[in-house]
Amino acid sequence: MTKTRRTFPEALKREAVEQVLAGTPLRHVAQAFDITESLLGKWKRQLQDAGPDAFPGRGKQTGEAAELKRLRDELARVTMERDVLKKALAIFWQPTK
């Protein structure tokens, strides 16, 4: 029998971690949300480490990942422009007959 992996919305993760940070015992929160204590502990660490960028979810990127993608796209565009200019320079550099 195949188990399907459960996914949890960002709001649920934040709500569970906020309850733990407010003082509710981790075990009680885990039981209330029907998740394991280790998963809740992982969410807590992620929220404390990443802050507002925690739990990026599908298609969302963290601040650093978005910046990296933007820089790579810009590098690709600038490289293409350079190659076009090299070819144009080679064409115009040839002596006319």
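FYI, the numbering just counts along the sequence from 1.
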Could you tabulate the donor-acceptor pairs under 3.5 Å formed by side-chain atoms of residues 11-21, not counting sequence neighbours?
residue	atom	partner	partner atom	Å
R14	NE	E10	OE2	2.8
R14	NH2	E10	OE2	3.0
R14	NH2	P52	O	3.3
R14	NH2	A54	O	3.3
E15	OE2	Q19	NE2	3.0

Check: Excluding sequence neighbours, so at least two apart, what forms side-chain contact (heavy atoms from CB on, under 4.5 Å) with S38?
Finding: T36
Margin query: So, using side-chain contact (heavy atoms from CB on, under 4.5 Å) as the criterion, who are the partners of E81 when residues are at least two apart?
Written below: R77
Next item on the list: With sequence neighbours left out, write down each residue that passes side-chain hydrogen bond (donor to acceptor under 3.5 Å, both in side chains) with D73, or none if nothing qualifies.
Entry: K69
Notebook entry, point to check: Once you round to the nearest 0.5 Å, how far does CG of L85 lie from CG of L89?
Noted result: 8.5 Å
Checklist line | Any pair counted as salt bridge (Lys or Arg N to Asp or Glu O under 4.0 Å), so long as it reaches residues 37-47, sequence neighbours left out | finding: R27-E37
Note to self: So, using salt bridge (Lys or Arg N to Asp or Glu O under 4.0 Å) as the criterion, who are the partners of D49 when residues are at least two apart?
What the structure shows: none
Note to self: Holding to salt bridge (Lys or Arg N to Asp or Glu O under 4.0 Å), I want the full list of residues that pass it with R6, two or more places apart in sequence or in another chain.
What the structure shows: D34
Next item on the list: Kindly write out the residues that satisfy side-chain hydrogen bond (donor to acceptor under 3.5 Å, both in side chains) with T24, not counting sequence neighbours, or none if the list is empty.
Entry: none
Next item on the list: Sequence neighbours left out, what pairs pass ring-ring contact (aromatic ring centres under 6.0 Å, His included) with at least one residue falling in residues 4-32?
Entry: F8-W43
Item checked: Which residues share a side-chain contact (heavy atoms from CB on, under 4.5 Å) with L71, sequence neighbours left out -> E67, E74
